[in-house]
Amino acid sequence: DEGGHRVLRMLMFGKPGAGKGTLAGRLTKKYDILSISSGDLLRQHIAERTEVGRQAEAIVAQGGLLPDEVMLKVVTSKLEALKGKHWILDGFPRTLGQGELLDAHLKKQDMPLSLVVNLDVPDEVILSRISDRWVHLPSGRVYNMSYNRPKIDGLDDETGEPLNKRPDDNPETFARRLQQFYASTSPLLDYYSAQAEAGNMATLHGTTSDEIWPQLEAVVAGSFSGLRERTPRVG
Ligand code: ATP
């Protein structure tokens, strides 16, 4: 820990479409926090046609889960660069097996987790959002045509590059992803609650990211006083 302040090493849990990416994006935009999204990493592998990407394409399109060991490699190859920094993992781990693999990895690296956040959004709400969702693939920025539109339809606000629909954002695949959440990810939440200490696990309830954001910011900024706000660029 630097200067007595704790380092933020955070897991973000939530159903598909619960707003993990949106909220992680708000934290990294405002504070000196880095984030790694397993879904974004896989979509980049798929776009670049790597070996992992070729394996992932069909599984992701059908709303299935990649094998734990594959995911561990994809994510931990990025974790090395985050030593000593504040970071968020979004979308990994999402099975009990992945949780145990990650724990072992972090123990070896002497980087224990310091916060687990669970976004609790009702199923009906997220189902209706999925069809409205557009993403900027290179950055993972997420837009919603109902309540978080891009400045220009179809284009990313920051780069002006085109936005894409995710092939797995359709009602059929979404149902499978939600099933996977209940079957594989819920047990992992129980695993973390069982070993949680006071103040290092939080469940946030809400129907929109705007509703959840102040709660999330209070938990994060309230417990990690060493976080720095990014200075806005002038001119
Ligand atoms: P969000 O709506 O917040 O983006 P999501 O759960 O809908 O979350 P991603 O996290 O982007 O979507 O994941 C997309 C797909 O990538 C998953 O449906 C799954 O096929 C695959 N995937 C992502 N992370 C993992 C993981 N940790 N283990 C196995 N498969 C994964």
Side-chain angles (χ1 to χ4, degrees), residues 11-28 35-47 50 52-79 88-103 105 117-123 125-144 148 163-189 191-192 204 206 208-209 212 216:
L11 301 186
M12 181 90 105
F13 284 109
K15 293 164 196 163
K20 301 184 291 288
T22 300
L23 289 161
R26 287 197 195 176
L27 282 175
T28 58
S35 103
I36 296 182
S37 153
S38 58
D40 287 351
L41 289 175
L42 287 179
R43 284 183 283 280
Q44 281 157 20
H45 275 282
I46 292 170
T50 65
V52 168
R54 288 198 297 273
Q55 184 183 358
E57 191 159 18
I59 298 176
V60 171
Q62 290 161 17
L65 295 178
L66 271 288
D68 292 346
E69 295 284 352
V70 174
M71 289 311 302
L72 182 76
K73 264 192 213 144
V74 166
V75 172
T76 55
S77 69
K78 301 284 175 188
L79 272 181
I88 304 172
L89 275 185
D90 153 12
F92 180 89
R94 75 209 259 156
T95 67
L96 197 49
Q98 290 177 14
E100 289 167 351
L101 287 169
L102 178 67
D103 279 357
H105 179 87
V117 168
N118 175 31
L119 307 178
D120 186 25
V121 178
D123 289 7
V125 174
I126 51 185
L127 190 57
S128 68
R129 282 187 197 167
I130 286 293
S131 50
D132 274 353
R133 175 156 78 172
W134 289 78
V135 294
H136 178 241
L137 271 178
S139 67
R141 272 186 290 278
V142 186
Y143 298 88
N144 184 288
N148 174 30
L163 301 177
N164 285 97
K165 283 300 286 178
R166 280 171 46 174
D168 55 341
D169 275 351
N170 60 70
E172 299 73 38
T173 312
F174 183 77
R176 283 215 55 202
R177 287 158 56 202
L178 198 53
Q179 252 177 350
Q180 290 280 11
F181 174 84
Y182 284 113
S184 305
T185 309
S186 292
L188 179 61
L189 268 173
Y191 166 82
Y192 282 113
L204 310 179
T208 65
S209 294
I212 293 180
L216 178 65

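Both ligands and their constituent atoms are indexed starting at 1 by order of listing. Quick note: numbers below take in every heavy atom, side chains included, and nothing from hydrogens, waters or symmetry partners.
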(request) Would you check whether Asp90 has a nitrogen or oxygen atom less than 3.5 angstrom from a nitrogen or oxygen atom of ligand 1? (result) no
(request) Please say whether Gly19 places an N or O atom under 3.5 Å from an N or O atom belonging to ligand 1. (result) no
(request) Compare Arg177, Arg94, Lys15 and give the one whose heavy atom is closest to atom 6 (O) of ligand 1. (result) Arg94
(message) Nearest 0.5 Å, please: how far is CZ in Arg133 from CG in Asn144?
(response) 9.0 Å
(message) As a quick check of understanding, evaluate salt bridge (Lys or Arg N to Asp or Glu O under 4.0 Å) for Arg129 and Asp132, giving each step before the final call.
(response) CA-CA 5 Å; Arg129 282 187 197 167; Asp132 274 353; over 6 Å; no
(message) Quick check on Gln62 - does any of its heavy atoms sit under 4.0 Å from an atom of ligand 1?
(response) no
(message) Under the side-chain hydrogen bond (donor to acceptor under 3.5 Å, both in side chains) definition, can you give me all pairs with a residue in residues 16-28, not counting sequence neighbours?
(response) Arg26-Asp210
(message) Given Leu178, Leu42, Leu89, Leu66, identify the one with the heavy atom nearest to atom 22 (N) of ligand 1.
(response) Leu42
(message) Contact between Asp168 and Arg177 at the side-chain level, heavy atoms closer than 4.5 Å - yes or no?
(response) yes
(message) Is it the case that ligand 1 has an N or O less than 3.5 angstrom from some N or O of Pro93?
(response) no
(request) Consider every N or O of Ser38 and every N or O of ligand 1, then say whether any pair is closer than 3.5 Å. (result) yes
(request) Pick, from Arg129, Arg43, Gln98, Arg176, the option with the minimum heavy-atom distance to atom 28 (N) of ligand 1. (result) Gln98
(message) Between Ser184 and Phe181 (side chain of the first, backbone of the second, donor and acceptor by atom type, cut-off under 3.5 Å), is there such a pair?
(response) no
(request) Could you tell me the residue and atom name of the protein heavy atom closest to atom 15 (C) of ligand 1, and the distance to it rounded to 0.1 Å? (result) Val60 CG1, 3.9 Å
(message) Taking the side chain as everything from C-beta on, heavy atoms only, tell me whether Val135 gets closer than 4.5 Å to Leu163.
(response) no
(request) Answer yes or no: does atom NZ of Lys165 have more than 12 heavy-atom neighbours from other residues, nucleotides or ligands under 6.0 Å? (result) yes
(request) Go through the structure and list residues passing side-chain hydrogen bond (donor to acceptor under 3.5 Å, both in side chains) with Arg94, not counting sequence neighbours. (result) none
(message) My understanding is that we take every heavy atom of each candidate and find the minimum distance to atom 19 (C) of ligand 1. Doing that for Ser184, Gly64, Gly14, which one comes out nearest?
(response) Gly64
(request) Looking only at distances, please establish whether an N/O atom of ligand 1 is found under 3.5 Å from an N/O atom of Asp168. (result) no
(message) Under a 4.0 angstrom heavy-atom cut-off, which atoms of ligand 1 come close to Arg166?
(response) 4 (O), 5 (P), 7 (O), 9 (P), 11 (O), 12 (O), 14 (C)
(message) If the cut-off is 4.0 Å to any non-hydrogen atom of Gly39, which atoms of ligand 1 fall inside it?
(response) 9 (P), 11 (O), 13 (O)
